[in-house]
Amino acid sequence: MQTTMKQGLSVKDLVTVGIFTALFLVFALVGGIFFAPNPVLTFYMPVGSALLCGPVYLLLLAKVPKRWAVTILGACLVWFVTGMHWAMALGYLIAGILADLTAGTGGYRSRTRNALSYLLLSLGGTGSYLVFFADPEGWASTMLGNGTEQSYIDTMRMTGTTGILLAMLLGTVLAAALSAFVGGRMLKKQFEKAGITK
(Lines give C-alpha, C1' and ligand atoms only; values in the text may rest on other atoms or scores of the structure.)
Protein backbone atom coordinates (compact mmCIF):
# COMPACT_ATOMS: atom_id res chain seq x y z
CA MET A 1 0.00 0.00 0.00
CA GLN A 2 2.76 2.43 0.94
CA THR A 3 4.56 1.80 -2.35
CA THR A 4 1.43 2.65 -4.30
CA MET A 5 0.85 5.80 -2.26
CA LYS A 6 4.37 7.09 -2.87
CA GLN A 7 4.41 6.53 -6.61
CA GLY A 8 3.75 9.64 -8.61
CA LEU A 9 1.47 9.85 -11.62
CA SER A 10 3.28 9.03 -14.85
CA VAL A 11 2.44 10.54 -18.24
CA LYS A 12 0.57 7.32 -19.05
CA ASP A 13 -1.39 7.65 -15.81
CA LEU A 14 -2.35 11.24 -16.63
CA VAL A 15 -3.55 10.20 -20.07
CA THR A 16 -5.62 7.42 -18.50
CA VAL A 17 -7.07 9.83 -15.94
CA GLY A 18 -7.94 12.23 -18.76
CA ILE A 19 -9.77 9.53 -20.70
CA PHE A 20 -11.73 8.37 -17.67
CA THR A 21 -12.54 11.95 -16.71
CA ALA A 22 -14.06 12.47 -20.15
CA LEU A 23 -16.03 9.21 -19.80
CA PHE A 24 -17.17 10.21 -16.32
CA LEU A 25 -18.46 13.55 -17.61
CA VAL A 26 -20.31 11.92 -20.49
CA PHE A 27 -22.04 9.42 -18.20
CA ALA A 28 -22.78 12.13 -15.63
CA LEU A 29 -24.35 14.36 -18.27
CA VAL A 30 -26.34 11.48 -19.77
CA GLY A 31 -27.63 10.50 -16.34
CA GLY A 32 -28.56 14.05 -15.41
CA ILE A 33 -29.89 15.31 -18.75
CA PHE A 34 -33.37 13.93 -18.04
CA PHE A 35 -33.64 16.04 -14.88
CA ALA A 36 -31.66 19.26 -15.42
CA PRO A 37 -33.94 20.91 -18.04
CA ASN A 38 -36.99 20.60 -15.77
CA PRO A 39 -37.09 23.11 -12.86
CA VAL A 40 -39.11 20.64 -10.77
CA LEU A 41 -36.91 17.61 -11.41
CA THR A 42 -33.55 19.38 -11.62
CA PHE A 43 -32.86 18.65 -7.93
CA TYR A 44 -32.50 14.99 -8.87
CA MET A 45 -29.75 15.58 -11.42
CA PRO A 46 -27.06 14.35 -8.96
CA VAL A 47 -29.09 11.16 -8.47
CA GLY A 48 -29.15 10.41 -12.19
CA SER A 49 -25.47 11.16 -12.58
CA ALA A 50 -24.49 9.01 -9.59
CA LEU A 51 -26.44 6.08 -11.00
CA LEU A 52 -24.33 5.74 -14.14
CA CYS A 53 -20.77 6.70 -13.21
CA GLY A 54 -19.86 4.01 -10.67
CA PRO A 55 -18.30 1.51 -13.11
CA VAL A 56 -16.23 4.25 -14.76
CA TYR A 57 -14.96 5.50 -11.42
CA LEU A 58 -14.09 2.07 -10.05
CA LEU A 59 -12.31 1.08 -13.25
CA LEU A 60 -10.24 4.27 -13.01
CA LEU A 61 -9.10 3.25 -9.53
CA ALA A 62 -8.21 -0.20 -10.82
CA LYS A 63 -6.17 1.28 -13.67
CA VAL A 64 -4.55 4.12 -11.71
CA PRO A 65 -4.43 3.21 -7.99
CA LYS A 66 -2.44 6.31 -7.04
CA ARG A 67 -2.85 9.54 -5.10
CA TRP A 68 -4.23 12.52 -7.06
CA ALA A 69 -6.01 10.54 -9.79
CA VAL A 70 -9.41 11.03 -8.17
CA THR A 71 -8.59 14.60 -7.17
CA ILE A 72 -7.87 15.43 -10.81
CA LEU A 73 -11.17 13.84 -11.79
CA GLY A 74 -13.03 15.92 -9.22
CA ALA A 75 -11.25 19.09 -10.30
CA CYS A 76 -12.73 18.90 -13.79
CA LEU A 77 -14.04 22.47 -14.21
CA VAL A 78 -15.81 21.80 -17.49
CA TRP A 79 -19.07 22.09 -15.52
CA PHE A 80 -18.76 25.85 -16.00
CA VAL A 81 -19.20 25.32 -19.72
CA THR A 82 -22.53 23.57 -19.17
CA GLY A 83 -23.99 26.68 -17.54
CA MET A 84 -24.11 25.19 -14.05
CA HIS A 85 -23.51 27.25 -10.92
CA TRP A 86 -19.85 27.54 -9.87
CA ALA A 87 -20.68 25.56 -6.71
CA MET A 88 -21.11 22.44 -8.85
CA ALA A 89 -17.43 22.55 -9.82
CA LEU A 90 -16.40 23.44 -6.26
CA GLY A 91 -18.51 20.60 -4.89
CA TYR A 92 -16.81 18.07 -7.15
CA LEU A 93 -13.38 19.46 -6.30
CA ILE A 94 -13.90 19.15 -2.54
CA ALA A 95 -15.62 15.77 -2.89
CA GLY A 96 -12.82 14.60 -5.19
CA ILE A 97 -10.19 15.37 -2.57
CA LEU A 98 -12.20 13.60 0.15
CA ALA A 99 -12.85 10.62 -2.15
CA ASP A 100 -9.15 10.43 -2.98
CA LEU A 101 -8.20 10.41 0.69
CA THR A 102 -10.83 7.76 1.46
CA ALA A 103 -9.74 5.40 -1.31
CA GLY A 104 -6.15 6.05 -0.29
CA THR A 105 -6.74 4.70 3.21
CA GLY A 106 -7.17 1.31 1.57
CA GLY A 107 -4.28 1.81 -0.81
CA TYR A 108 -6.87 2.05 -3.62
CA ARG A 109 -7.13 -1.74 -3.29
CA SER A 110 -10.20 -2.05 -1.08
CA ARG A 111 -13.56 -2.54 -2.79
CA THR A 112 -15.41 -1.22 0.23
CA ARG A 113 -13.36 1.94 0.59
CA ASN A 114 -13.32 2.56 -3.14
CA ALA A 115 -17.11 2.27 -3.17
CA LEU A 116 -17.35 4.65 -0.20
CA SER A 117 -15.09 7.09 -1.99
CA TYR A 118 -17.46 6.99 -4.96
CA LEU A 119 -20.38 7.87 -2.69
CA LEU A 120 -18.43 10.90 -1.47
CA LEU A 121 -17.54 11.97 -5.00
CA SER A 122 -21.16 11.66 -6.11
CA LEU A 123 -22.25 14.06 -3.38
CA GLY A 124 -20.09 16.67 -5.09
CA GLY A 125 -22.85 16.92 -7.68
CA THR A 126 -25.15 18.42 -5.06
CA GLY A 127 -22.92 21.48 -4.63
CA SER A 128 -24.98 23.84 -6.75
CA TYR A 129 -28.22 22.79 -5.09
CA LEU A 130 -26.79 23.14 -1.58
CA VAL A 131 -25.96 26.76 -2.39
CA PHE A 132 -29.50 27.16 -3.77
CA PHE A 133 -30.94 26.21 -0.39
CA ALA A 134 -28.33 28.12 1.62
CA ASP A 135 -28.34 31.35 -0.40
CA PRO A 136 -31.26 31.42 -2.86
CA GLU A 137 -30.81 35.08 -3.80
CA GLY A 138 -27.11 34.77 -4.52
CA TRP A 139 -27.68 31.52 -6.39
CA ALA A 140 -30.41 33.09 -8.52
CA SER A 141 -28.24 36.11 -9.34
CA THR A 142 -25.41 33.89 -10.56
CA MET A 143 -27.70 31.68 -12.62
CA LEU A 144 -29.42 34.66 -14.23
CA GLY A 145 -25.97 35.82 -15.25
CA ASN A 146 -25.35 32.38 -16.76
CA GLY A 147 -28.45 32.74 -18.92
CA THR A 148 -31.03 30.81 -16.88
CA GLU A 149 -34.59 32.11 -17.32
CA GLN A 150 -36.33 33.79 -14.40
CA SER A 151 -39.35 31.50 -14.79
CA TYR A 152 -37.09 28.46 -14.32
CA ILE A 153 -35.65 29.91 -11.11
CA ASP A 154 -39.09 30.91 -9.81
CA THR A 155 -40.37 27.36 -10.31
CA MET A 156 -37.36 25.96 -8.47
CA ARG A 157 -38.06 28.28 -5.55
CA MET A 158 -41.65 27.11 -5.35
CA THR A 159 -40.76 23.42 -5.40
CA GLY A 160 -37.45 23.46 -3.48
CA THR A 161 -38.44 22.31 0.01
CA THR A 162 -36.48 20.74 2.84
CA GLY A 163 -38.04 17.42 1.88
CA ILE A 164 -36.66 17.80 -1.64
CA LEU A 165 -33.20 18.55 -0.23
CA LEU A 166 -33.25 15.42 1.92
CA ALA A 167 -34.59 13.31 -0.96
CA MET A 168 -31.80 14.59 -3.21
CA LEU A 169 -29.07 13.77 -0.71
CA LEU A 170 -30.46 10.35 0.20
CA GLY A 171 -31.24 9.55 -3.42
CA THR A 172 -27.70 10.42 -4.49
CA VAL A 173 -26.18 8.18 -1.82
CA LEU A 174 -28.48 5.26 -2.71
CA ALA A 175 -27.91 5.67 -6.46
CA ALA A 176 -24.14 5.83 -5.94
CA ALA A 177 -24.22 2.73 -3.72
CA LEU A 178 -26.19 0.81 -6.35
CA SER A 179 -23.88 1.98 -9.13
CA ALA A 180 -20.80 0.97 -7.14
CA PHE A 181 -22.34 -2.44 -6.41
CA VAL A 182 -23.20 -3.05 -10.07
CA GLY A 183 -19.83 -1.72 -11.13
CA GLY A 184 -18.11 -4.10 -8.73
CA ARG A 185 -19.95 -7.05 -10.24
CA MET A 186 -19.24 -5.91 -13.80
CA LEU A 187 -15.54 -5.33 -13.18
CA LYS A 188 -14.81 -8.31 -10.95
CA LYS A 189 -12.16 -9.72 -13.30
CA GLN A 190 -10.51 -6.31 -13.64
CA PHE A 191 -10.39 -5.97 -9.86
CA GLU A 192 -8.83 -9.38 -9.48
CA LYS A 193 -6.10 -8.46 -11.96
CA ALA A 194 -5.49 -5.17 -10.12
CA GLY A 195 -5.31 -6.93 -6.77
CA ILE A 196 -8.37 -5.18 -5.37
CA THR A 197 -9.92 -7.00 -2.43
CA LYS A 198 -12.92 -6.56 -0.20
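Residue numbers start at 1 and run along the sequence shown. These numbers were taken from a predicted model, which means no experiment stands behind them. Excluded from the calculations below are hydrogen atoms, water molecules and symmetry mates; all remaining heavy atoms, backbone and side chain alike, are included.
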Atom pair NZ (K63) and CZ (F20), whose distance is rounded to the nearest 0.5 Å: 6.5 Å

If you look at every heavy atom in P55 and G183, which pair is closest and at what distance? CG-CA, 3.7 Å

Do E149 and L144 have side chains that get closer than 4.5 Å, going by heavy atoms? no

Could you tell me whether the side chain of T16 and the main chain of K12 form a donor-acceptor pair under 3.5 Å? yes

Between the side chains of S117 and Y57, does any donor sit under 3.5 Å from an acceptor? yes

Can you tell if the side chain of Y129 reaches within under 4.5 Å of the side chain of T42, non-hydrogen atoms only? yes

For the atom pair CG (D100) and OG1 (T105), what is the distance rounded to the nearest 0.5 Å? 10.5 Å

L169, L116: one ILVMFWY side-chain cluster at the under-4.5 Å cut-off? no

Same cluster or not: L119 versus L170, using hydrophobic residues (I, L, V, M, F, W, Y) connected whenever any side-chain heavy atoms lie under 4.5 Å apart? no

Atom of N38, atom of V40 and distance for their closest heavy-atom approach: OD1-N, 2.8 Å

Closest non-hydrogen atoms of M84 and N146, given as atom of the first, atom of the second and distance, are O-ND2, 3.5 Å

Is the number of heavy atoms from other residues, nucleotides or ligands under 6.0 Å of I33 CD1 greater than 12? no

Of all heavy-atom pairs linking S179 and L51, the shortest is OG-O, 3.1 Å

Hey, can you tell me if F24 and Y92 have their rings parallel, tilted or perpendicular (30° and 60° cut-offs)? perpendicular

Report whether L165 and L174 are members of the same hydrophobic cluster (ILVMFWY, side-chain heavy atoms less than 4.5 Å apart, transitive linking). no

Closest heavy-atom pair and its distance - Y118, G54: OH-N, 3.1 Å

Can you confirm whether I72 sits close enough to L9 that some side-chain heavy atom of one is under 4.5 Å from a side-chain heavy atom of the other? yes

Taking every heavy atom of L61 against every heavy atom of A103, the minimum-distance pair comes out as CD1-CB, 4.3 Å

Strictly by modelled atom types, are D13 and S10 linked by a side-chain donor-acceptor pair under 3.5 Å? yes

Rounded to the nearest 0.5 Å, what separation is found between the CG atom of L130 and the CE atom of M88? 10.0 Å

Student check: side-chain heavy atoms of T148 and I153 closer than 4.5 Å: yes

